[in-house]
Amino acid sequence: MTPEVSGHFFGARMEDDWKDNPSIMAMVDAALLGFIRANPTNSKTDDPGVRLRSAKKALFGIPPPSGKPVALDIPELITMAQKYADERGPYEVDERYVPFWLHIDDTACTSVTELARIALTRREQQDNGYRPHNRDEKIRNLVNKFNDQRDGLLRLVVGWGPRAHDDVVNMNLREIKNLLVILGIPFENPSLPSRDANTLN
């Protein structure tokens, strides 16, 4: 995948600030966790999430977030974006590769709040044991995050299946792993990259 294609897929041009793009950061998290899980320490507090945050600060100068980042809710946000796009049908894209729809009555489509409720229910059903502390607050947060990141999320899902994000991440991680094997460096691919994004906190 060329830099141009990967940049457009993940919703940002290369000259954009990639650290603010939740889709790109999910890819970074999955890659770093591949190293972390394949190289455990002997410490009793060998927490992958703690090591991930330390690695991101050391490598990229990214401090631990003060609140829950957008990437924490990637599975729900992708579900919301997919349904948002599916309901609106055929689309065009602007010069930033953001899809848009002509002559669409948004009031006839599912509200963003209802999209958040549907996505959260799906997450609860698929991720055994997952339950938000406050469901109403979680839905409000999803609505706010979706509205803030709508363009990037729509670029991510338009024209792709619901597992496209994981498929692309896995493809890139396999390429990384193939190189590392030659060098003798252990690396562990995640079974579900979008869940690795949830270790961020």
Side-chain angles (χ1 to χ4, degrees), residues 1-78 81 96 123 127 129-130 132-133 138 141-142 144-146 148-153 155-157 163-201:
M1 181 175 291
T2 66
E4 292 81 8
V5 173
S6 68
H8 293 162
F9 178 85
F10 285 114
R13 305 246 184 184
M14 291 299 100
E15 64 267 20
D16 289 344
D17 187 354
W18 58 272
K19 296 177 186 179
D20 291 332
N21 187 295
S23 303
I24 293 176
M25 288 312 302
M27 173 68 197
V28 171
D29 294 336
L32 290 176
L33 284 168
F35 286 107
I36 290 169
R37 291 187 175 135
N39 297 275
T41 68
N42 294 323
S43 171
K44 292 182 179 179
T45 58
D46 186 13
D47 185 327
V50 173
R51 294 176 65 194
L52 173 64
R53 291 191 291 276
S54 297
K56 288 168 67 176
K57 183 175 182 180
L59 292 170
F60 310 120
I62 301 175
S66 57
K68 292 185 177 180
V70 173
L72 181 68
D73 299 314
I74 279 288
E76 292 99 317
L77 293 171
I78 289 177
R96 297 180 299 121
R123 170 81 184 279
D127 193 348
Y130 175 80
H133 177 68
K138 179 73 171 182
N141 288 339
L142 286 173
N144 291 334
K145 289 179 181 181
F146 181 83
D148 288 343
Q149 298 289 332
R150 183 175 314 196
D151 287 355
L153 289 164
R155 277 184 295 218
L156 181 65
V157 303
R163 286 187 59 89
H165 179 265
D166 282 352
D167 291 341
V168 171
V169 170
N170 272 323
M171 179 176 64
N172 283 276
L173 293 180
R174 281 196 298 271
E175 294 175 359
I176 293 172
K177 184 175 183 179
N178 289 339
L179 173 62
L180 296 175
V181 166
I182 297 174
L183 301 175
I185 301 174
F187 185 88
E188 179 181 327
N189 280 352
S191 58
L192 188 58
S194 60
R195 287 187 183 175
D196 275 352
N198 293 325
T199 64
L200 295 173
N201 51 50

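Note: hydrogens, waters and symmetry copies are ignored here, and every other heavy atom, side chains too, is used.
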Tell me every residue that passes side-chain contact (heavy atoms from CB on, under 4.5 Å) with Pro40, counting only those two or more places apart in sequence or in another chain. Asp46
Please walk me through it: do Leu59 and Leu32 pass side chain to side chain contact (heavy atoms under 4.5 Å, CB included)? CA-CA 10 Å; Leu59 292 170; Leu32 290 176; 3.7 Å; yes
Determine whether Asp29 and Lys56 satisfy the following criterion, side chain to side chain contact (heavy atoms under 4.5 Å, CB included), listing intermediate values before the conclusion. CA-CA 8 Å; Asp29 294 336; Lys56 288 168 67 176; 3.1 Å; yes
Any salt bridge linking Asp73 with Lys138? Criterion: basic side-chain nitrogen under 4.0 Å from a carboxylate oxygen. yes
How many angstroms lie between CG in Leu77 and NZ in Lys145, if you round to the nearest 0.5 Å? 7.0 Å
Can you give me the closest heavy-atom contact between Pro186 and Asn39, atom names plus distance? CG-OD1, 3.1 Å
Looking only at heavy atoms, what is the nearest atom pair of Arg51 and Ile36, with distance? NH1-O, 3.3 Å
